[in-house]
Undergrad: 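Below are the structure tokens for one structure; questions will follow.
Each chain gets a letter, A, B and so on, in the order its sequence line appears, and its residues count up from 1. Hydrogens, waters and symmetry mates are skipped; everything else that's a heavy atom, side chains included, is used.
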Amino acid sequence: MDDLILNARQYGNLLEGTLVTIQVIVGSFALGTFMAVVMGVARLSDKKWIRQAALVYIEFARGISAIILLFWMAYALPILFGAPSMPPMLAGILALGLNMGAYGAEIVRGAIQAVPKGQTEATIALNMTDRQRLRHVVFPQAVPIILPPYGNLTIEVLKGTALVSLIALNDLARVAQVIRQNNVISDSPVPLAILYLNVLVIYLILAQVIAQLFKVAERRSARRFGST
Amino acid sequence: MKPDNKRTGASVAMRQVVKAFGENVVLNKLDLDVDPGEVVVIIGPSGSGKTTILRVIMTLERIDEGTIEIDGRHLYHEQKNGVLTPASEKHIRSVRSDISMVFQHFNLFPHMSARENVMLAPMKVKGMTEDEADVQAQELLNKVGLGDKLDHRPSELSGGQKQRVAIARSLAMEPKVMLFDEVTSALDPELVGEVLTVLRELAASGEMTMMMVTHEMGFASEMADRVLMFDRGQILEQGPPDKLFKDPDHERTKTFLRAVLSH
């Protein structure tokens, strides 16, 4: 059983890495969700240029692989604009958040379109504005449709956070990598299977936390509709 | 039916209104005048465009040609230097505040209680406080016989109850013209009566202009000031219910009434 565990220092490292991973996922989620809502709604604007701007964003942020986006944020953009390079945490959150926002925007758009047309007609019969309709009638009904695929997307992004190890951010994946490299000079090397089993379990727990949070949110939104 | 001096509500004047969906001309140069407080029932074969009359007045569909005036104000046009020009959305919204509509499938907000359904628009559109809107919502829900269902969600209500909430929700906006689009067609037969009772009360009050598309001929003959037989984008004939139901001029009206009344 002892073989299954690492030493205290290594666990300390993994914990630090986990905290970095959590920061990246929380930041990416916040930015991604903001972009998803704004761009998802913009995709349905009655102004053509707004729709097209949103479409351009979505196609770019979705079409470019997250890792290329990441390198752009971390290395290419600063060179291109002669700006000081941004902290890797910021670059990671920007890349993953913008990427998530593009996928999220399509989820939001689909959910808004799935709200029955009669709801919109009712708001017109009550002389509500487009904004009031979206905020008070359509969006609250889109949320329960958004949540299940959005939970999936968030877990996808969690797994994607491992990419930030490539721009020298000490997240969970990179910490594991460092421990492996230190094995070479260590007197008591850790069996790699054990190391990665620990890492795997940590990622699994994080994913489960996200899944459970979404499950709670889904249940609460279902209750609002009186269907449970 | 009711003393004319008690009548309020707004007039509706449609002039040469054209609405087409692709090749299909649904309203074909329609002229229609409705007096303040008048109760007009529109009948006609399905697909004849009778629902479209209500939908263009509610601005759910935009007209292709012609004009519509509510209470003497153009709905789709604005006078600019004496010239009639297409109206801005702001103008349309301002005229539209006189109109509301009740739908065949209720279209209640499923994430809100009956009370919240009735409160939402008065608060957001008319700027009522929550307390004012709540008091009004309770009054109106009482009026339609749902004082004991204030906090029920639509999913917990029967069809007839849902439709009565929808009527209360529209009434909360104090429209001068109310449009009813086959409001009993989606109901189980035993629930039709409770909705008709509410409509009867509204019609008798003479407080609003009411335009209804319905297949409830009994209700139409009892409450309507005027019945319009609508066919192929135009009014085929019109008159008081006694005349139109018992002694229609047109063969098509007779055929239609026979078909409707035989079941």
Undergrad: Do you know which of Met101(B), Met112(B), Lys124(B), His111(B) has the most heavy-atom pairs under 4.5 Å to chain A?
TA: His111(B)
Undergrad: Against chain A, work out which of Arg169(B), Arg93(B), His152(B), Met173(B) has the most heavy-atom pairs shorter than 4.5 Å and name it.
TA: Arg93(B)
Undergrad: Under a 4.5 Å heavy-atom cut-off, does chain A meet the side chain of Arg55(B), its backbone, both or neither?
TA: side chain
Undergrad: Heavy-atom distance under 4.5 Å to chain A: side chain of His105(B), backbone, both or neither?
TA: neither
Undergrad: Between Val137(A) and Leu120(B), does a side-chain contact (heavy atoms from CB on, under 4.5 Å) hold up when you go through it step by step?
TA: CA-CA 9 Å; Val137(A) 175; Leu120(B) 180 68; 3.8 Å; yes
Undergrad: Any side-chain heavy-atom pair from Val125(B) and Thr129(A) closer than 4.5 angstrom?
TA: no
Undergrad: When rounded to the nearest 0.5 angstrom, what is the spacing between CD1 in Ile124(A) and CD1 in Ile99(B)?
TA: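 Nearest 0.5 Å value for the CD1-CD1 distance: 12.0 Å.
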Undergrad: What distance do Asn127(A) atom CG and Ser170(B) atom OG have between them, rounded to the nearest 0.5 Å?
TA: 11.5 Å
Undergrad: Verify the neighbour count for atom OH of Tyr196(A): are there more than 12 heavy atoms of other residues, nucleotides or ligands below 6.0 Å?
TA: yes
Undergrad: Ignoring hydrogens and angles, tell me if any N or O in the side chain of Gln119(A) forms a donor-acceptor pair with the backbone of Leu108(B) under 3.5 Å.
TA: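 It does hold such a pair.
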Undergrad: Where is the tightest heavy-atom contact between Phe103(B) and Glu121(A), given as atom of each residue plus distance?
TA: CZ-O, 3.5 Å
Undergrad: Tell me whether Ser100(B) contacts the main-chain N or O of Leu126(A) through its side chain, where contact means a donor paired with an acceptor under 3.5 Å.
TA: no
Undergrad: Would you find more than 12 non-hydrogen atoms of other residues, nucleotides or ligands less than 6.0 Å from Phe34(A) atom CZ?
TA: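 Open.
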Undergrad: Determine whether more than 12 heavy atoms belonging to other residues, nucleotides or ligands lie under 6.0 Å from atom CZ of Arg135(A).
TA: no
Undergrad: Would you say that more than 12 heavy atoms from the other residues, nucleotides or ligands in this model lie under 6.0 Å from the CZ of Arg220(A), or not?
TA: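 Open.
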